[in-house]
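Written below as structure tokens is the structure these notes are about.
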Amino acid sequence: FDPEAFSATSEQSFAQLYPALAQLGAHRPQLLKDFERILRDARRFRREQIEPNALRVERAVMQNPEYVAEDVIRAACEYGFFSTMIPRAFGGAGLSFGAMIIAMEELGAGCLGISNLIGVHGLALATVSATGDLGAMEKLSRLLTNGERVGRPHLLSTGITEPSAGTDVEDVDFLRTARLVSEATPVRGGYRVNGRKVFISNGSIAQTHVVILPTDRKRPVETTFAFMIDSTTPGFRVGRVERKMGQKACPAVELVFEDCFIPEAARIHGKPLPGRSIELVLGATRGGVGAWGTAAARGAFERALAHDGPTLLPVKRD
């Protein structure tokens, strides 16, 4: 048993920390290099930005739920964390989803809220990618990479959950009978959006919202699409900001749409989303959720060892 293996300041190599993944190096050497690089970057960011600021951010949000750790967000731009998975052709790093999972675990071991703040906009990117609309993907990617390059990240949120429909919106069979309150009604030149989305991570600080909406609530399976809605659109506003028990650095809010007109171009084209597309997106995000769970356990164990390591070592019993 080696307590140093769980230390944030450990200099263990990627192969020592992730021996199973390191085996990929024999067949995919570039992939292994990407994994090693992202781990180094995430470890450095955790040491320099997360650990010195995590408690301060938690306390600030407790006093004011609308507080945003903008200094940490700007620092994340310097590391390129917001564009890690964006293809190189669109200006990003072009790293794999697996590489981002490694980063999210390392950042989360420092602070789950900050890791979520940085990583949650990947859900919006994944949703747009799943539609197969390359034009929309490129547009969104350019907004992200250009903003990141100048230290002003263009953050995203994903609006799926509704006040009376959570997992119902994510499952085709449940969606047929879901009690939806939101709709993008077709009108001349675009759509008129009304309704609410709730518990939306980064919803109060995102500039673009990828919102899942039916164009006919009576036929949601056949008419549900993804829409890109700018935060400055008339009729859109942020409603309730939740007072969270944990992960306070990442705000969760209500998005309110009141006769909010969006042009036809705001709809991300392709087939309706319910079915395989949603399953692929949400299935992929479970890897991130698992990484954050691992990060919570590892971070807690690291701190316990640092507090009083010798008393936590296994005791040999007869």
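Predicted model only: the values in this text are computed from it and were never measured.
Ile38 and Phe82 fall within a single hydrophobic cluster, where Ile, Leu, Val, Met, Phe, Trp and Tyr side chains are chained together by heavy-atom contacts under 4.5 Å. Connection of Val253 to Val61 is not established within any shared hydrophobic cluster, with ILVMFWY side chains joined at heavy-atom distances below 4.5 Å, either directly or through further cluster members. By the criterion of side-chain heavy atoms lying less than 4.5 angstrom apart, applied directly or through intervening Ile, Leu, Val, Met, Phe, Trp or Tyr residues, Ile205 is grouped together with Ile118 in one hydrophobic cluster. Ile73 and Met85 fall within the same hydrophobic cluster, defined by Ile, Leu, Val, Met, Phe, Trp and Tyr side-chain heavy atoms under 4.5 Å apart, directly or through other members. Under the 4.5 Å side-chain heavy-atom criterion for grouping Ile, Leu, Val, Met, Phe, Trp and Tyr, Val211 is not connected to Ile268 through any hydrophobic cluster.
The distance from atom CG of Leu180 to atom OG1 of Thr224, rounded to the nearest 0.5 Å, is 7.0 Å. Taking CZ of Phe81 as the start and CG of Asp41 as the end, the distance is 5.5 Å to the nearest 0.5 Å. Note that CD1 of Ile102 and OG1 of Thr84 are 11.5 Å apart. Values are rounded to the nearest 0.5 Å. Note that SG of Cys250 and NE2 of His121 are 11.5 Å apart. Values are rounded to the nearest 0.5 Å. Leu156 CG to Ser201 OG: the interatomic distance, rounded to the nearest 0.5 Å, is 12.5 Å. Arg142 contributes atom CZ, which lies 5.0 Å from atom CD of Glu138 (distance to the nearest 0.5 angstrom).
Annotation for Gln30: atom CD counts as buried by contact number, over 12 foreign heavy atoms lying within 6.0 Å. At most 12 non-hydrogen atoms from other residues, nucleotides or ligands lie less than 6.0 angstrom from CZ of Arg37. Counting non-hydrogen atoms of other residues, nucleotides and ligands closer than 6.0 Å to CZ of Arg59 gives a total of 12 or fewer.
Ion pair Glu302/Arg298 flagged as a salt bridge, since at least one NZ, NE, NH1 or NH2 atom sits closer than 4.0 Å to an Asp/Glu carboxylate oxygen. A salt bridge between Glu254 and Lys197 is absent, with no side-chain N of the basic residue lying under 4.0 Å from a carboxylate O of the acidic one.
Aromatic pair Tyr18/Phe35: ring centres not closer than 6.0 Å.
Just one of Arg46, Arg43, Arg40 meets the side chain to side chain donor-acceptor pair (under 3.5 Å) condition when paired with Glu106; it is Arg46.
For Asn202 (side chain) and Ser157 (main-chain N/O), no donor-acceptor pair under 3.5 Å exists by modelled atom type. Judged purely by atom type and a 3.5 angstrom limit, Asn116 has no side-chain atom pairing as donor or acceptor with the backbone of Leu112.
Ring pair Phe236/His209 is tilted by interplanar angle, where 30° to 60° counts as tilted.
Residues Asn194 and Thr185 form no side-chain contact, since every pair of their non-hydrogen atoms from C-beta on lies 4.5 Å or further apart.
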